[in-house]
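Written below as structure tokens is the structure these notes are about.
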Amino acid sequence: MTIQEVKKEYKGEYDGVEVYRSTDGTNRFQKSCLEAVRDYSGEETLASNWSFTILTEKEYTKSMLAGTKTRAEFEFWYGDKDASVLCIIIK
């Protein structure tokens with residue numbers, strides 16, 4: 001499956017997409033374990049060691065921003081407090 005296929009399959013269920021690489025091999029949805037992938041086409045085939053999730057603002061704060069003093073601000077980031085984001089971690 002490709003990133004593009006995941007995006008298409010879940011279209012309408014998310015307002016933004018974030019793609020990361022694991023920095024510690026655990027594939028945890030926590031920023032301290034990830035680095036953002038800035039230049040991806042979406043056509044890359046996802047390796048066997050990958051995962052994705054769709055997060056609400058509250059879930060994003062508790063997982064992706066865990067261990068930081070930062071809180072998710074979906075109203076500012078996506079224009080909707082009730083937005084959700086598709087987070088993909090690739091090997």
Side-chain angles (χ1 to χ4, degrees):
M1 182 174 260
T2 67
I3 293 171
Q4 205 63 350
E5 290 169 335
V6 171
K7 288 171 59 178
K8 185 177 179 180
E9 183 172 336
Y10 292 93
K11 186 175 178 128
E13 295 184 38
Y14 61 87
D15 300 283
V17 178
E18 297 179 5
V19 179
Y20 298 94
R21 282 191 190 99
S22 175
T23 57
D24 68 357
T26 62
N27 287 355
R28 289 184 291 162
F29 286 94
Q30 189 173 337
K31 288 236 179 172
S32 63
C33 307
L34 303 170
E35 71 178 2
V37 177
R38 301 258 183 249
D39 33 340
Y40 68 95
S41 68
E43 296 301 324
E44 297 91 339
T45 299
L46 296 169
S48 60
N49 190 15
W50 68 281
S51 55
F52 69 93
T53 191
I54 298 174
L55 300 171
T56 64
E57 181 181 70
K58 186 176 183 179
E59 293 166 335
Y60 193 95
T61 296
K62 288 184 175 184
S63 60
M64 296 297 287
L65 300 177
T68 72
K69 294 180 181 180
T70 306
R71 296 187 56 87
E73 305 248 357
F74 282 13
E75 178 74 40
F76 179 71
W77 299 348
Y78 299 106
D80 183 359
K81 182 166 181 44
D82 296 321
S84 56
V85 61
L86 171 63
C87 294
I88 300 171
I89 301 173
I90 59 177
K91 184 175 181 181

ask   = According to the salt bridge (Lys or Arg N to Asp or Glu O under 4.0 Å) rule, which pairs have a member within residues 74-84, sequence neighbours left out?
value = E57-K81
ask   = Does K58 have any salt bridge (Lys or Arg N to Asp or Glu O under 4.0 Å) partners at least two apart in sequence or in another chain, and if so, which?
value = none
task = Check whether any side-chain heavy atom of F52 lies under 4.5 Å from a side-chain heavy atom of L86, and answer yes or no.
result = yes
query = Taking only residues two or more places apart in sequence, or in another chain, which ones meet T56 in a side chain to side chain donor-acceptor pair (under 3.5 Å)?
reply = E59
Can you give me every donor-acceptor pair (side chain of residues 9-17, partner residue at least two apart or in another chain, under 3.5 Å) with its distance?
unit_1, atom_1, unit_2, atom_2, d
Y14, OH, K7, O, 2.9
D15, OD2, S84, N, 2.9

Exercise: identify the closest heavy-atom pair between W77 and L65 = CH2-CD1, 4.3 Å
key: Non-hydrogen atoms of M64 and L55 that approach each other most closely   = CG-CD1, 3.7 Å
inquiry  = Return the OG1 to CD distance between T53 and E18, rounded to the nearest 0.5 Å.
reply    = 12.0 Å
request  = Quick one: list whatever passes ring-ring contact (aromatic ring centres under 6.0 Å, His included) with Y78, sequence neighbours left out.
outcome  = F74
request  = Could you list all the side-chain hydrogen bond (donor to acceptor under 3.5 Å, both in side chains) pairs where at least one residue sits in residues 65-74, not counting sequence neighbours?
outcome  = none
Closest non-hydrogen atom pair between Y60 and V85, with its separation = CD1-CG1, 3.5 Å
